[in-house]
Amino acid sequence: MPVDLTESLADLTERRPNLALDLRWHASLPSTMDAVSAAAERGAAAGLVVVADEQTAGRGRRGRAWSSPPGAGLYFSYLARPARGFDVLTLAAGVAVRAGIVEATGLAADLKWPNDLLVDGRKLAGLLAEAARIGTPEASVAIGVGVNLRPAAYPADVAMRATSLEAALGRAVDRGAVLAAVLEHLADTLAALEAGDAGAILHAWRAASPSGVGTPVEWSDPSGPRRGVTAGIDERGALIVKTSTGTERIIAGELLWHLRP
Ligand code: BTN
């Protein structure tokens, strides 16, 4: 493991010996999601974290690719074995990643439903959750986190919509400190969720998501094109949208957001 990561993670282990993180570093992987999902199938415990310096087949939500050039981002997946709180798990992870970035760098990104982190409307980080065996004692969720650290040779369509910690802050960033802070917040937030504290997590999510209320959105459903204005999230983490005919509760799917400039 590179020395910048070793030092920050050793500090974390010393400060929080009970966090039970099992961190595995790889110079290159197709996707950290596959590594964690395979380990989950083999019975790995919660707290396994697989980090890669580069991913050759990184993936995002809705079948999109996640560009993962070497050293340009933090790319990791975290194994959770939740017994409850599935509905708000990815929102909880977004709150935790945001809090870790604030702690390590001072940069307070906006959350955009369901789990993007934005700075000035540009994507800083994204989260992906892949669940297996839900409803059984072996239930697992691989929580994938991609944080852009520095500008990279992204494909043109990504470059237009992306930012990075170093671009937003205008200075170098210690990626080990970011990883350690994000992992600490992730472990603590998931423990809070497991302890039944979804209310506090939803409260934190709402406070960090200016687009969650009052933003025009468009989407398609079987009845055709739809439009409305965001009206917050409910207690199960669904997005509420007011339309001309009533209120819609959106749990998944692709939305077009008209964010305020
Ligand atoms: C999104 O916003 O679409 C989610 C992006 C998630 C990317 C991370 S990088 C680490 C992990 N491995 C992957 O292949 N994807 C996630």
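Heavy atoms only: backbone and side chains are in, while hydrogens, waters and symmetry mates are out. Remember, it's 1-based here, ligands and their atoms both numbered in the order they're listed.
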For G58, the atoms of ligand 1 under 4.0 Å from one of its heavy atoms are 14 (O)

Identify the closest protein heavy atom to atom 5 (C) of ligand 1: which residue and atom is it, and at what distance? W66 CE3, 3.4 Å

Among all protein heavy atoms, pick out the one at the shortest distance from atom 4 (C) of ligand 1; state its residue, atom name and that distance to 0.1 Å. L127 O, 3.5 Å

Closest non-hydrogen atoms of L124 and A109, given as atom of the first, atom of the second and distance, are CD2-CB, 4.1 Å

Using heavy-atom distances only, which candidate in E130, Q55, R61 approaches atom 12 (N) of ligand 1 most closely? Q55

Test of proximity, S31 against ligand 1: N or O pairs below 3.5 Å: yes

For atom 15 (N) of ligand 1, the closest protein heavy atom turns out to be R59 O, 2.7 Å

Quick one: which ligand 1 atoms are inside 4.0 Å of a heavy atom on S77? 11 (C)

Side-chain donor-acceptor contact under 3.5 Å, S28 with E54: yes

Can you tell me which portion of V145 lies within the under-4.0 Å heavy-atom range of ligand 1? Options are side chain, backbone, both, or neither. backbone

Side-chain donor or acceptor of T163 paired with backbone N/O of R122 under 3.5 Å: no

What protein heavy atom lies closest to atom 11 (C) of ligand 1? Include the residue and the distance to one decimal. T32 OG1, 3.2 Å

Please step through side chain to side chain contact (heavy atoms under 4.5 Å, CB included) for the pair L107 and V102, ending with a clear verdict. CA-CA 5 Å; L107 183 69; V102 171; over 6 Å; no

Relative to ligand 1, is S68 under 4.0 angstrom through side chain, backbone, both or neither, heavy atoms considered? neither

So which bit of R64 gets within less than 4.0 Å of ligand 1, heavy atoms only: side chain, backbone, both or neither? neither

Does at least one non-hydrogen atom of K123 fall below 4.0 angstrom from an atom of ligand 1? yes

Using modelled atom types and a 3.5 Å cut-off, is there a donor and acceptor pairing between side-chain atoms of T230 and backbone atoms of S211? yes

Test applied, side-chain contact (heavy atoms from CB on, under 4.5 Å); reference residue, I143; option that passes from N115, V97, T90, L190: L190

Nearest 0.5 Å please: distance from the CZ atom of R171 over to the CG atom of L165. 9.0 Å

Hey, which atoms in ligand 1 end up nearer than 4.0 Å to a heavy atom of G60? 1 (C), 3 (O), 4 (C), 5 (C)

Is the side chain of Q55 donor-acceptor paired with the backbone N or O of W66 at a distance under 3.5 Å, no angle test? no

Shortest non-hydrogen separation from D87 to R236 and the atoms involved: OD2-NE, 2.9 Å

